[in-house]
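Before any comments, here is the structure.
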Amino acid sequence: MTSLALRSRPRPPASPADWLIPVALLALAFVPVVAGAFRLTTLAAHVAVTPENARFLASPVPVALHIVSVTIYSILGAFQFSPGVRRRWPSWHRAAGRVLVVAGLVAALSGLWMALFYAIVPADPPLLHVFRLTFGAAMAASIILGFIAIRQRKISEHQVWMRRAYAIGMGAGTQGLIQIPYIMILGQPDSFIHALLMGGAWAFNLGIAEWLNDRQGLRS
């Protein structure tokens, strides 16, 4: 078959099922994206300093970078995990992937910077601080390993690492889904339970990613 024939071959038609994964991931990202936009608005509006926002107002650049990069990563990344979208628009998938590597690394590294250098909120226990450092480092490492894999044409390994990275990046959405029912049923958690809920959300997302990797026979 000639290269002209290959280029003229019609793309496979998109089906409604191809959009189920992006729509579900966008729904999961909705609350964190809105919360991030609200945080950016408050930073720009020079609101009154409180114990909760003092560290952000004193050094707004890292949190602004984190919010913008996480928003891009969450929204754009949602379309990377639909097999139908990848098949129909492979060039878009590759171009978006390059943007996502940058956005994901900025999100992870800015999160690590805030965890290391922002003043720790008294209400946050050391366990939560450990969770933030651990999962932030794991997200950055997963993106780097996924990028190396695709440069070496190791497609399956690339998919494994990028799925893990996105699962960690979407932790904030799952944290909301876990905490809201807990608060409605049992009331406001103490600091230790709050840390466990936050860490549990990251662990849950990673568990789903590993289950999908195993189900598809993907290994790294």
Side-chain angles (χ1 to χ4, degrees), residues 1-30 32-33 65-66 68-112 134-174 201-220:
M1 185 179 291
T2 66
S3 58
L4 178 61
L6 286 171
R7 287 195 298 268
S8 62
R9 178 185 294 176
R11 292 171 177 173
S15 68
D18 293 334
W19 302 103
L20 290 179
I21 293 175
V23 169
L25 292 176
L26 288 174
L28 183 62
F30 177 77
V33 168
L65 284 174
H66 186 72
V68 172
S69 58
V70 165
T71 300
I72 295 172
Y73 190 72
S74 300
I75 295 175
L76 194 60
F79 297 92
Q80 296 293 84
F81 298 96
S82 170
V85 172
R86 291 200 303 268
R87 286 193 302 268
R88 186 168 175 79
W89 296 286
S91 297
W92 185 91
H93 175 76
R94 289 191 293 270
R98 296 185 183 99
V99 175
L100 286 166
V101 167
V102 176
L105 284 176
V106 172
L109 296 177
S110 60
L112 286 171
T134 300
F135 287 106
M139 179 178 172
S142 296
I143 292 171
I144 293 170
L145 291 170
F147 177 75
I148 292 172
I150 198 61
R151 296 292 294 178
Q152 297 174 346
R153 300 295 188 267
K154 298 177 180 178
I155 307 300
S156 296
E157 188 172 332
H158 167 74
Q159 293 175 342
V160 167
W161 286 113
M162 289 310 189
R163 181 173 279 152
R164 289 169 177 164
Y166 192 77
I168 296 172
M170 294 293 285
T174 306
W202 278 309
F204 176 82
N205 280 10
L206 272 178
I208 294 296
E210 294 304 323
W211 175 77
L212 290 171
N213 289 335
D214 185 68
R215 184 184 181 192
Q216 297 175 7
L218 303 178
R219 295 291 185 272
S220 64

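Keep in mind it's a predicted model, so treat the numbers as computed, not measured. We use all heavy atoms of the structure for the numbers below, so side chains are in, but hydrogens, waters and symmetry mates are not.
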Using every non-hydrogen atom in the two residues, find where [X] and [Y] come nearest and quote the distance to one decimal.
X: Ser142; Y: Ala165; result: CB-CB, 3.8 Å
X: Ala103; Y: Ser69; result: O-CB, 3.4 Å
X: Leu76; Y: Val99; result: CD2-CG1, 3.8 Å

Can you tell me how far the [atom1] atom of [X] sits from the [atom2] atom of [Y], to the nearest 0.5 Å?
X: Phe79; Y: Trp89; atom1: CZ; atom2: CH2; value: 10.0 Å
X: Met139; Y: Phe135; atom1: CE; atom2: CZ; value: 12.5 Å
X: His66; Y: Tyr73; atom1: NE2; atom2: OH; value: 12.0 Å
X: Ile148; Y: Lys154; atom1: CD1; atom2: NZ; value: 9.5 Å
X: Arg163; Y: Ile208; atom1: CZ; atom2: CD1; value: 11.0 Å
X: Leu100; Y: Ile143; atom1: CG; atom2: CD1; value: 8.5 Å

Could you tell me whether the side chain of Ser74 and the main chain of Thr71 form a donor-acceptor pair under 3.5 Å?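 Side chain of Ser74 to backbone of Thr71: no pair is present.
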
So do the side chains of [X] and [Y] get within less than 4.5 Å of each other, counting heavy atoms only?
X: Ser110; Y: Val70; answer: no
X: Tyr166; Y: Leu25; answer: yes
X: Leu112; Y: Leu109; answer: yes
X: Asn205; Y: Ile168; answer: no
X: Arg98; Y: Phe147; answer: no
X: His93; Y: Gln80; answer: yes

Side chain to side chain contact (heavy atoms under 4.5 Å, CB included) between Asn213 and Arg164, intermediate numbers included: CA-CA 9 Å; Asn213 289 335; Arg164 289 169 177 164; 4.2 Å; yes

Does Trp202 form a side chain to side chain contact (heavy atoms under 4.5 Å, CB included) with Thr174? I'd like the steps, not just the answer. CA-CA 8 Å; Trp202 278 309; Thr174 306; over 6 Å; no

Dump the intermediate steps for side chain to side chain contact (heavy atoms under 4.5 Å, CB included) on Val101 and Met162, then the final yes or no. CA-CA 9 Å; Val101 167; Met162 289 310 189; 4.0 Å; yes

Is the count of non-hydrogen atoms from other residues, nucleotides or ligands lying under 6.0 Å from Phe204 atom CZ greater than 12?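 Counting neighbours around CZ of Phe204, 12 or fewer heavy atoms of other residues, nucleotides or ligands fall under 6.0 Å, so no.
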
